[in-house]
Amino acid sequence: VCLFSLLVESFEVTFTKEGEICGFRIHGQNVPFEAVVLDKSTGEGVIRAKDKLDCELQKEHTFTIQAYDCGEGPDGSNMKKSHKATVHIQVNDVNEYSPVFKEKSYKATVIEGKKYDSILKVEAVDADCSFQFSQICSYEIVTPDVPFTIDKDGNIKNTEKLNYSKEHLYKLTLTAYDCGKNRASEDVLVKINIKPTCKPSWQGFNKRIEYEPGTGSLALFPSMHLETCEEPITSIQASIMLETNHIGKGCDRDTYSEKSLHKLCGASAGTVELLPAPGNSANWTVGLPTDNGHDSDQVFEFNGTQAIKVPEGVVSTTLKEPFTISVWMRHGPGGREKETILCNSDKTEMNRHHYSLYVHNCRLVLLLRQEPTESENYKPAEFHWKLDQVCDKEWHHYVLNIEFPAVTLFVDGATFEPFLVTEDYPLHASKIETQLTIGGCWQDLSGHANDTETLSEPLTGGSARMTQYFRGNLAGLMIRSGKLENKKVIDCLYTCKEGLDVQLPEEVASAVKVEFNPNQSSLSLEGDDIESFEKVMQHISYLNSRQFPTPGIRHLRVSTTVKCFNEETCISVPDSEGYVMVLQPEEPKISLSGIDHFARGAAEFESTEGVTLFPELRIVSTITREVEVEAETEAEVQETVVSEEIMHNLDTCEVTVVGDELNGDHESLEVDLAQIQQRALEMSSSNVGMVITGVNTMVNYEQVLHLIRYRNWHTEALFDRKFKLVCSELNGRYISNEFKVEVNVIHTANPMDHANNAMVQPQFINQVQHASMDLSGHNLANTHQASVVPSAATVVIVVCVSFLVFMIILGVFRIRAAHQHTMRDQENGKENEMDWDDSALTITVNPMETYEDQHSSEEEGDEEEEESEDGEEEDDITSAESDSSEDEGGEQEDQQGSTRQQQLEWDDSTY
């Protein structure tokens with residue numbers, strides 16, 4: 001309620017004769033005033049409010065007032081009225097109300113790095129009616145130490161550039177004052193969000209993506225979206241690159257030998273591996289530095305000073321037939337000199353190059369000189385390809401199909417035609433032998449100055465040295481007879497086992513164009529609808545189909561280009577980078593088990609079938625995993641290790657002789673080659689053992705190893721032979737335990753019986769079953785039972801056992817004699833009282849009857865011993881067991897004799 005003042009318009013009252021004013025009358029509706037006469041004689045009066053006035057309801061009041069006299073007579077008749085006067089009343093305001101903000105709270109969002117003239121405006125109102133008290137004269141930020149200010153009109157602005165990394169959100173408390181210095185009844189909260197500077201980029205991209213082997217495809221960008229900063233986009237292009245150059249030969253591939261890979265990809269036989277892993281059967285690569293850090297992938301390094309010679313007889317391909325050369329090569333920018341990959345040249349004198357493959361000035365050149373012919377015409381001799389791949393320091397796969405005069409080159413599965421073919425005369429007829437070399441070319445430098453290093457002893461007729469050294473890395477160098485025309489085989493040799501993949505949703509398949517490179521290490525997208533484009537990006541995945549992939553990092557990069565309506569203000573999207581971390585696969589433990597010690601008769605070793613070495617071999621592979629197991633309480637989780645059997649391939653099993661090497665004159669390791677070839681395996685043997693190679697299942701390897709036999713046709717001085725078996729997977733990446741087998745030879749005393757027993761042996765039709773039958777009665781539970789002792793040791797053991805049996809018999813005899821002596825004393829004591837018993841005792845005891853019973857038992861024991869000896873000859877009991885049986889028989893015979901003697905002595909005392 002406001003205080004008020006009355007401003008009454010002055011008026012003059014003209015008195016009648018009577019001279020008195022009796023009252024005033026106010027005209028108007030709902031006029032909150034009344035007029036009261038103060039002095040009738042003078043006509044003075046006052047206007048006063050009937051109730052309290054409120055300025056906020058009505059600031060002014062206007063009405064009319066009229067005076068009247070007292071009239072004539074006592075009843076006041078003929079009362080006179082004055083004219084009407086207008087009254088204006090203004091209500092003065094009192095500052096009774098405080099300012100109030102129009103909103104309960106305020107919010108605003110700003111971008112970092114900018115200074116704003118006004119971030120937002122707050123507004124407060126005052127309910128007072130007067131100008132003075134109803135106006136907001138100032139605003140104030142109550143929160144201290146904030147980089148904001150507010151003016152008298154309520155505009156908030158920042159005093160410095162804001163930094164998103166420093167503060168994401170500011171909360172300010174504000175108040176307001178009216179011109180009467182009255183503060184707002186309630187302060188107001190203002191929230192100001194700091195937004196990072198809008199940078200066009202891909203959002204929702206995880207930089208580290210973990211891939212667990214064996215889980216199939218993994219989405220790389222499941223939550224990815226493109227921030228365009230509200231810029232209108234007309235089209236978008238993106239390329240996704242998976243960098244795998246540091247893995248193996250450019251990406252994750254199976255690391256089997258190149259020869260095995262050719263077979264797996266369907267290439268026919270006849271492939272010769274020129275850079276095999278160093279071993280007993282291929283030792284010419286022993287001196288080359290290798291890179292064993294790439295998942296057992298056999299990579300050879302040539303530093304410009306090394307070259308190797310391939311032994312004679314390894315390559316038998318003639319230039320008259322179609323043939324194929326394939327190689328993996330990584331080569332950097334080269335010099336002006338030739339760098340030879342493969343060279344076949346004269347050993348001496350003429351230094352002619354029959355054929356060679358070399359690099360020169362980032363060109364790949366194949367030299368192919370024709371053999372002497374009747375026509376001495378020019379023929380194609382050098383084929384030149386100018387390729388960027390030759391000098392980019394990256395791994396590439398090269399395949400040359402040579403069918404003279406045509407030569408076709410495949411690089412990473414793509415075909416390239418030679419840009420230059422030069423001709424030359426065929427070679428002249430000559431009887432000079434040739435030398436095949438890798439990493440350089442063999443030349444006879446007699447009489448020629450050359451500063452190249454001599455890598456071998458000088459040959460007769462001059463100084464033989466290597467020239468044209470190669471600098472780079474080579475792997476999988478192969479020569480095979482026949483063309484490799486099948487494009488699928490070439491693609492299979494090159495294709496990676498890892499790469500990018502995308503499953504396009506049907507609704508966006510036509511809106512976005514997708515293209516892959518040949519090895520699926522990169523893909524490109526193109527479209528004009530951002531929403532569809534983002535859906536395709538979210539379906540891009542990484543896939544590694546190897547059972548045991550190479551662990552490590554694969555870098556990932558997304559490059560994007562956009563087009564806008566306004567080219568001048570079009571945004572630029574930076575590259576997004578991350579990596580796929582392929583976790584370490586669970587390494588398999590390959591276990592070989594079976595019978596590791598047994599004996600066979602000499603006749604079996606000398607027979608055409610021989611002795612099966614691994615009749616009950618088992619190959620098992622297991623992995624160990626850590627699994628979470630719920631404990632007794634739900635809050636606890638325990639980890640335990642479990643073993644799980646898995647199936648995978650093997651690529652090599654090697655049987656090695658332990659001890660002296662095999663003497664080819666009277667012993668050998670043999671296997672059924674038809675069974676080997678039926679399972680697409682290969683076998684090579686030497687005087688140190690046998691090697692079976694080829695990618696195949698563990699079951700097939702088991703079956704083949706069951707067939708390996710050992711023969712020895714001069715066993716007179718042979719007592720035992722020991723062998724060792726080791727199998728591996730992925731070119732030696734995973735190796736089994738060493739399974740050792742010892743085979744003992746049983747020499748029989750009677751050669752004729754031995755020969756007869758050998759003749760009745762079953763035929764070696766099914767080697768596995770036959771071996772199982774032979775072992776049925778002789779597989780011994782432990783090493784003591786399984787051990788077979790040489791003849792000298794056998795004699796010592798027999799003597800010891802015989803002495804032990806003698807001592808036992810002697811002890812039993814003495815105990816029995818003492819017992820009988822006691823019985824005789826008791827009988828003598830009763831003799832005087834029981835004379836009639838003498839006859840009875842004499843009648844009942846018949847020592848001859850006891851002797852007959854014992855004699856019959858002795859005959860039965862002899863029959864059993866004969867049967868045991870027959871079984872020994874049939875089942876090949878070890879000599880130790882045979883001697884033990886004889887000792888047991890001797891023991892029984894001694895016991896029977898001593899018992900018979902005791903009975904006779906007892907009878908004699910009775911008489």
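Counting begins at 1 with the first residue of the sequence.
- Donor-acceptor pairing under 3.5 Å is recorded for the side chains of Thr175 and Arg183.
- Between the side chains of Glu230 and Thr228, no donor N or O sits under 3.5 Å from an acceptor N or O.
- Shown here for Ala108 and Leu120, the closest heavy-atom pair between the two residues is CB-CD2, 4.1 Å.
- No side-chain heavy atom of Val110 sits under 4.5 Å from any side-chain heavy atom of Asn193.
- Here the closest non-hydrogen pair linking Pro200 and Pro574 is O-CD, 2.8 Å.
- Looking only at side-chain heavy atoms (C-beta outward), Ser522 and Leu242 stay at 4.5 Å or farther from each other.
- For Tyr542 and Tyr211, the gap between ring centers is short of 6.0 Å.
- To the nearest 0.5 angstrom, Asp501 atom CG is 12.5 Å from Asn544 atom CG.
- At distances below 3.5 Å, at least one donor-acceptor pair connects side-chain atoms of Ser545 with backbone N or O atoms of Lys497.
- Under the 4.5 Å side-chain criterion, counting only non-hydrogen atoms from C-beta, Asn182 is not in contact with Phe133.
- Distance alone, capped at 3.5 Å, places no donor-acceptor pair between the Asp178 side chain and the Gln135 backbone.
- A cation-pi arrangement is absent between Arg557 and Tyr579, since the terminal nitrogen or guanidinium carbon is not both under 6.0 Å from the aromatic centre and inside a 45° cone about the axis.
- Side chains of Lys393 and Pro333 form a contact here, defined as non-hydrogen atoms less than 4.5 Å apart.
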Evaluate salt bridge (charged side-chain N to carboxylate O under 4.0 Å, His left out) for Lys115 paired with Glu160, printing each intermediate quantity in order.
CA-CA 6 Å; Lys115 288 191 69 174; Glu160 62 185 38; over 6 Å; no
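- Although no hydrogens or angles enter the test, the distance criterion places a donor-acceptor pair under 3.5 Å between the side chain of Asn163 and the main chain of Ser165.
- Between Ile136 and Ala176, the shortest heavy-atom distance links the atoms CG2-CB, 4.1 Å.
- Using a 4.5 Å heavy-atom threshold, the side chains of Gln538 and Pro222 count as separate.
- The residues Arg330 and Glu394 are annotated as not salt-bridged, no charged nitrogen and carboxylate oxygen being separated by less than 4.0 angstrom.
- The aromatic rings of His61 and Phe33 stand perpendicular to each other, their planes meeting at an angle above 60°, with 30° marking the opposite boundary.
- Not one N or O on the side chain of Thr64 forms a donor-acceptor pair closer than 3.5 Å with the backbone of Thr86.
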Working note: Ser134 + Asp126, criterion side chain to side chain donor-acceptor pair (under 3.5 Å); need CA distance, chi angles, decisive distance, verdict.
CA-CA 5 Å; Ser134 64; Asp126 195 312; over 6 Å; no
Before giving the answer on side-chain contact (heavy atoms from CB on, under 4.5 Å), spell out for Val142 and Leu174 the whole-Å C-alpha distance, their side-chain angles and the decisive distance to 0.1 Å.
CA-CA 5 Å; Val142 179; Leu174 272 66; 6.0 Å; no
Quick one, Val580 with His555, criterion side-chain contact (heavy atoms from CB on, under 4.5 Å). Give me CA distance, side-chain angles, the key distance, then yes/no.
CA-CA 6 Å; Val580 177; His555 289 283; over 6 Å; no
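- One N or O on the side chain of Thr244 and one on the backbone of Gly250 form a donor-acceptor pair closer than 3.5 Å.
- Summarising the geometry, atom CD1 belonging to Ile233 is positioned 6.0 Å from atom CD belonging to Glu231; distances are rounded to the nearest 0.5 Å.
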Show, in sequence, the C-alpha distance, side-chain angles and deciding distance for Ile236 and Thr560, and conclude whether the side-chain contact (heavy atoms from CB on, under 4.5 Å) test is met.
CA-CA 7 Å; Ile236 179 172; Thr560 310; 3.9 Å; yes
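- Residues His88 and Thr62 share a closest heavy-atom pair of ND1-OG1, 3.0 Å.
- Between the CG atom in Leu556 and the NZ atom in Lys207 there is a gap of 12.5 Å [rounded to 0.5 Å].
- Taking 4.5 Å as the limit, some side-chain heavy atom of Met537 sits within range of a side-chain heavy atom of Leu525.
- Panel note: side chain Ser532, backbone Ala511; no donor-acceptor pair is recorded below 3.5 Å.
- Ser105 contributes atom OG, which lies 7.5 Å from atom CD of Glu103 (distance to the nearest 0.5 angstrom).
- The ring-ring contact (aromatic ring centres under 6.0 Å, His included) pairs that include a residue from residues 154-200 are Phe148-Tyr170, Tyr164-His168, where partners are two or more places apart or lie in different chains.
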Val502 vs Val514, side-chain contact (heavy atoms from CB on, under 4.5 Å): CA-CA, chis, key distance, verdict
CA-CA 9 Å; Val502 60; Val514 181; 4.0 Å; yes
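- Summarising the local packing, CD of Glu167 is surrounded by more than 12 heavy atoms from other residues, nucleotides or ligands at distances under 6.0 Å.
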Test log, rule side chain to side chain donor-acceptor pair (under 3.5 Å), inputs Asp412 and His396
CA-CA 6 Å; Asp412 297 338; His396 298 285; 2.6 Å; yes
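- The pair Lys121-Glu123 fails the salt-bridge criterion, with no side-chain N (NZ, NE, NH1 or NH2) lying under 4.0 Å from an Asp/Glu carboxylate O.
- At least one donor-acceptor pair closer than 3.5 Å links the side chain of Thr215 to the backbone N or O of Glu212.
- Under a 3.5 Å cut-off, the side chain of Glu534 and the backbone N or O of Met224 do not form any donor-acceptor pair.
- Between Val190 and Ile156, some side-chain heavy-atom pair lies under the 4.5 Å cut-off.
- For Gln547, the side-chain contact (heavy atoms from CB on, under 4.5 Å) test picks out Ile646, His648, with sequence neighbours left out.
- Between Ile192 and Leu169, every side-chain heavy-atom pair lies at or beyond the 4.5 Å cut-off.
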Apply side chain to side chain donor-acceptor pair (under 3.5 Å) to the pair His83 and Gln66, showing each step before the final yes or no.
CA-CA 6 Å; His83 68 280; Gln66 190 176 29; over 6 Å; no
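- Taken to the nearest 0.5 Å, the CG atom of Leu500 stands 7.5 Å off from the CD atom of Gln520.
- Proximity of a side-chain donor or acceptor of Asp69 to a complementary backbone N or O of Lys80 within less than 3.5 Å is detected.
- Under a cut-off of 6.0 angstrom, the local environment of CD in Glu227 is crowded, with over 12 non-hydrogen atoms contributed by other residues, nucleotides or ligands.
- Within 6.0 Å of CD in Gln503 there are 12 or fewer heavy atoms belonging to other residues, nucleotides or ligands.
- For the pair Ser201 and Val573, the tightest heavy-atom approach, listed with the atom from each and the gap, is CA-CG1, 4.0 Å.
- Within the model, atoms CD1 of Ile111 and SG of Cys229 stand 7.5 Å from one another, a figure rounded to the nearest 0.5 Å.
- Asn245 places no side-chain N or O within 3.5 Å of a backbone atom of Cys251 that could act as its donor or acceptor partner.
- Here Glu112 does not pair with Lys114 in a salt bridge; the nearest charged N to carboxylate O distance is not below 4.0 Å.
- Exactly one residue among Arg253, Arg546, Arg554 makes a salt bridge (charged side-chain N to carboxylate O under 4.0 Å, His left out) with Glu498. That residue is Arg554.
- The closest side-chain donor-acceptor pair between Thr550 and Asp252 falls under 3.5 angstrom.
- Heavy-atom neighbours of Glu531 CD from other residues, nucleotides or ligands within 6.0 Å: at or below the threshold of 12.
- Other residues, nucleotides and ligands place more than 12 heavy atoms under 6.0 Å from the CG atom of Asp39.
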